[in-house]
Amino acid sequence: CCMKDEQYNITSAIPETCQELKECIIKRMPRKLHQQKNHPINLIKERIVSYFYKKFVGRTGNPVFSVYDNLDPIVTTHQNFDALLVPRNHVSRQKSDSYYLNSKYMLRAHTTAHQSDLISSGLDNFLIIGDVYRRDTVDSTHYPIFHQCDAVRLQTQHELFPEEWDLKVFEKRPDKRTDDKQAEHTVDAVRILSYQLKTTLQDLAKTLFGPDVEYRWVEAYFPFTHPSWELEIKHKGEWLELLGCGIMEHAIVAKAGAGDRIGWAFGLGLERVAMRVYDIPDIRLFWSTDRAFLQQFAVDDPFTAVKYKPVSVYPICVNDISFWIPPHGDFSQNDFFDIVRTVGGDMIEEVSLVDQFVHPKKRLTSHCYRITYRHMERTLTKTEVNAVHNEIGRRATEVLGVSVRM
Ligand code: PHE
């Protein structure tokens, strides 16, 4: 980790506002929750891997999928974006959304970043599991590090269609691209492949959430698949987006040297699944080293039913902060969220913008944020919360140039 610091010169490349946060993240990078035996993130990973190992077997009953769960989270912007055809001006490339180490390197924002390299290395069926990094709002379901599982399955003409069916995967000459398919692919190929993809993922949802889980398919857009869908499941009466997927863009597959194949891919967030499967109410709990938390997941079989029991619940403490944002600056809410998290650490449960107005004469904009303080492991004192709250104000003034209103 320290080696990486030097190699990629992290400190010089990080904006002032999130330097400490980034250091905190870098400290957590080696934890690799998905590799920690009996950690809930690892258990969900094991469930998914076991499903794929059983579902897709070769001639001799051996699994055809291979698993990559130890790839370096430091990737190039090329791997994270360009190789996946993410447009130059796509929102996800913004500095306020990802952690850039310098102009060339970043912390991967999705495990899809490794897709094209693994295809280039000759693989047709693989799972990628790893920690991913995104700048985001602060609340009980968002954390700047989380975990994803991606999958790719590529098939040839010969594997997809038996000789006697007389069906083709590719158009002889590229056809028109429509809402339903890419120019290179035939309607037949896309139809059979999307059927395979959807049934595979519906069964995965049943494997994770039980045979009675309610699900639905929603049209979606990703730069690296077409057509694309999202699978939603009903959880406690609400529709929840579980994963994104689609038919892989032929240009990506061809560039990676597998132009004779058609493939599907998907990506899913492990915390999302783990929170529903185990009833874990707060995403920060995954980083707990508390025995009382971890012991609940000490099971031999990853399919063992476990329901998380909160060890104890401590009271919240709510404090508002209002300030004028600098008139000519480029104030970004995420910079403020970073400061809150940096100063408050694990005392912060939630930050939200509760009021915003423009002063008619001064032409200044005021923001009011409500910060909810709560520690997962102890009761916070009023004095301790006030000290942190004041420090957040001081830091926002110094770094973001806001002026705090009393
Ligand atoms: N990478 C996408 C995300 O993070 C998920 C995805 C992966 C969608 C592969 C389609 C194919 O949301």
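Indexing begins at 1, ligand by ligand and atom by atom, following the structure's order.
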(message) Please evaluate residues Phe293 and Tyr308 with respect to the criterion ring pair (Phe, Tyr, Trp, His ring centres under 6.0 Å), reporting the C-alpha separation (whole Å), side-chain torsions for both, the decisive distance (0.1 Å), and the verdict.
(response) CA-CA 8 Å; Phe293 173 77; Tyr308 167 71; 5.8 Å; yes

(request) Could you walk me through whether Ile262 and Leu160 pass side-chain contact (heavy atoms from CB on, under 4.5 Å), step by step? (result) CA-CA 9 Å; Ile262 182 171; Leu160 205 58; 4.0 Å; yes

(message) Taking NZ in Lys32 as the centre, count heavy atoms belonging to other residues, nucleotides or ligands within less than 6.0 Å. Is the count above 12?
(response) yes

Pairs of nitrogen or oxygen atoms, one from ligand 1 and one from the protein, closer than 3.5 Å: please tabulate them with distances.
{"from": "ligand 1", "atom 1": "1 (N)", "to": "His110", "atom 2": "ND1", "distance (Å)": "3.0"}
{"from": "ligand 1", "atom 1": "1 (N)", "to": "Thr112", "atom 2": "OG1", "distance (Å)": "2.8"}
{"from": "ligand 1", "atom 1": "4 (O)", "to": "Arg134", "atom 2": "NH2", "distance (Å)": "3.1"}
{"from": "ligand 1", "atom 1": "4 (O)", "to": "Gln148", "atom 2": "NE2", "distance (Å)": "3.1"}

(request) Check Arg405 against Phe357 and note the closest heavy-atom contact, atom names and distance. (result) NH1-CE2, 3.5 Å

(request) Check for a donor-acceptor pair, side chain of Gln79 on one end and backbone N or O of Thr76 on the other, with a separation under 3.5 Å. (result) yes

(message) If you compare all heavy atoms of Glu232 against all heavy atoms of Glu241, which two are closest, and at what distance to 0.1 Å?
(response) CG-CA, 4.0 Å

